[in-house]
Amino acid sequence: MQPSIAQILKMSPSSDPVVVNGWVRTKRTSKNVAFIAVNDGSTILNIQAVADLEGGAITEAMLTDVTTGAAVRITGNLVPSQGSGQAVELKAQKIEVLGAADPEKYPLQPKKHSLEFLREIAHLRFRTNTFGAMFRIRHAMAFAIHKFFNDRGFFYVHTPIITGSDCEGAGAMFRVTTLDPKNPPLNEDGSVDFSKDFFGKSTNLTVSGQLEGELAAMSLGRIYTFGPTFRAENSNTSRHAAEFWMIEPEVAFADLTDNMDLAEEFLKYLVRYALDNCKDDLEFFDKRLAEEEKTKKQEERSEMGLLQKLHFMLENKFERVTYTEAFEILKNSTPNKKKKFQYPVDTWGIDLQSEHERYLVEKHFKKPTILTDYPKEIKAFYMRLNDDGKTVRAMDVLAPGIGEIIGGSQREERYDMLKKKIEEFKIPEESMWWYLETRKYGTAVHSGFGLGFDRFLMFVTGMGNIRDTAPFPRTTGSAEF
Ligand code: 4AD
Ligand code: MG
C-alpha cells in the first residue's frame, strides 16, 4: 500500500519519488503552472501538486480530465511548499486519471453546499471537508470507547438485535416478521397469530441492549454493549433517529453514585481523546460553527464556541441535582415566569423537555448537569424505587447545546418490587421470566447507562442535526442509500 496523504504531509522534502492517490478538490492554472489540490480522506488537509506545463513531461492537454472529483494518481517528489499552507508540496512528474468525474454533472462543486442538499447525495458527501471530518471523528470516538472500557476491565458483550421485549416500554418498535402481510395466520379473535411466525412469537428490533447486558453483568461483573438500536418514534426532531448506536455499560455491585462517576469519567475521557487525536478536524468544526453562528440572530447565537464547549465539559465537575430541585429551579426561572418556554413548568411530575434541560446547563448551573431521582411514572420499569415510593434512582446527563445525552439508573434488584413494577407497567410477566430470575438467584445492587453515540457526536462536532452524524441516517420517511 502506498502511504496516505496524512503520512506524506509529515515527510520531509526529498528527491525520492512519492506516489499520491486521491480525489481532486480543485485545479487552478496560472502562467503555465497547474496547481492541483488532492485529498484522499486520510486527513482534512489537501496535498498540493504542482505541475510545470512548460517543457516538462506534463502538458495542459493531459490535464483536461483532472477536474474536481476525479480520482488521480500523481507521481513526483516532495519540495518545500511555496504557500499551500503545508510544509511540503508535490512537484508532479506524472499524472494519471484513474476515474474522471464529468464536471458538467459532478454534484459536488468547490463551493459551500447546504447540509440538506448533501443529505440527498449521501453517497458522495463523504468527499466534503465536513463529512470527512465527521466520519474520521466518529471512528476515533468508537475506538476510544472500546479503549476506555477495555483499559478498565469491562467486557464487550454483543446483545441481540432481534428481541421479544420492549426494554424502554415506550412501544415504539419495528416489528420483525416473516409472515405474509396480505394473509397472516389469525387467532380465533381475529388477531395475528405470531406463534406461527419465524421465532414462534412476536419479535422486534431492539430499542436497547440493557436487559441482556444486565444478565451478563450479573456474572462477568463489568460489561458494555455498543451496537445499533432502533426506535419507531415518529419524532421528527434534529436529535432523534430511527436507527442509532448506543453504548451501554452495566456494572454489578455499583450504585447510582458509582454510575454517575463512571458516566462523568467516560465523557471526559472521550472529549480529551478527541482534543488530543482529532485536532485538525475539530478546528475545522470550530470555525464552521463560528461561521454558522454569524448567520443567526444575536439572541439565538450560542455563547460558546465548539472548542470552548468541549473544554467546558472537560474542566467542570458535573453538577448533580435531583429532579425535584431542578423542577423548583425551572418553575421559578425567568423564562418560565415570562412564558418563554414552549412547555410551561407548573406541576411536579412533568417530563422535562430539551429547552428545560438546556436552560439548566447553559443558563443556570453553567456546567454539565446530571439530574437524578425522577418521578417513577416518567421512567422505565427497571429503575430502582426510592424509599419515598414516588421517585426512582434514575439519572440523565445533560450537555450544553443538546440536553440529554445519557440516560441511566440503578436497577431494581429486589424481586418482589420488580415483579410489582412489571405488573404496574402491564408488561406480560411470562415474557420477562429470564430477567426476573436474575433477581431470584444471587441478586445484587447494579447500575448502568446508555450514551447515544450519534447524539454525542452532535456534541463533539457541534453539528445541529443527528442526520449529519451517521453515514446513512435512518429517520422518519428516509431510508435511501
Ligand atoms: O434514555 P434512553 O432511552 O435509555 C435507555 O435506552 C437505557 N436502556 C439505557 C441504559 O440504562 N442502559 O436512551 C439512552 C440515550 C439517550 O440519552 C440518547 O442519547 C440516546 O440514547 N437516544 C437517541 N438517540 C438518537 N435517536 C433517538 N431516537 C434516541 N433515543 C435515545
Ligand atoms: Mg432517556
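FYI, side chains are in, hydrogens and waters are out, and symmetry mates aren't considered; it's all heavy atoms of this structure. Counting starts at 1 for both ligands and their atoms, following the listed order. No experiment lies behind these values; they were computed from the predicted model shown.
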- Query: Between F126 and F472, is the ring centre distance below 6.0 Å?
  - Reply: yes

Among N, O or S atoms, E404 approaches the Mg ion (ligand 2) most closely through OE2

### Message
Please determine whether any non-hydrogen atom of D454 lies less than 4.0 Å from an atom of ligand 1.
### Response
no

Looking only at non-hydrogen atoms, the one of E250, M458, R455, E168 nearest atom 4 (O) of ligand 1 is E168

Candidates F244, F230, Y382; heavy atom nearest atom 22 (N) of ligand 1 found on F244

Note: heavy atom closest to atom 1 (O) of ligand 1, options E404, M383, Q410, belongs to E404

Looking only at non-hydrogen atoms, the one of E248, R474, R411 nearest atom 9 (C) of ligand 1 is E248

protein heavy-atom neighbour closest to atom 6 (O) of ligand 1 works out as R231 NH2, 2.9 Å

ask   = Would you call R393 and E413 a salt bridge, using N to O less than 4.0 angstrom?
value = no

| query | Can R288 and E292 be said to form a salt bridge (charged side-chain N to carboxylate O under 4.0 Å, His left out), step by step? | reply | CA-CA 6 Å; R288 186 182 187 287; E292 208 176 84; 3.0 Å; yes

Query raised in the report: Can you check whether A241 has an N/O within less than 3.5 Å of an N/O in ligand 1?
Result: yes

2.8 Å cut-off met by an N, O or S atom of E168 to the Mg ion (ligand 2): no

- request: Answer with yes or no after comparing the ring centroid distance for F149 and F266 against a 6.0 Å cut-off, counting only values under it.
  value: yes

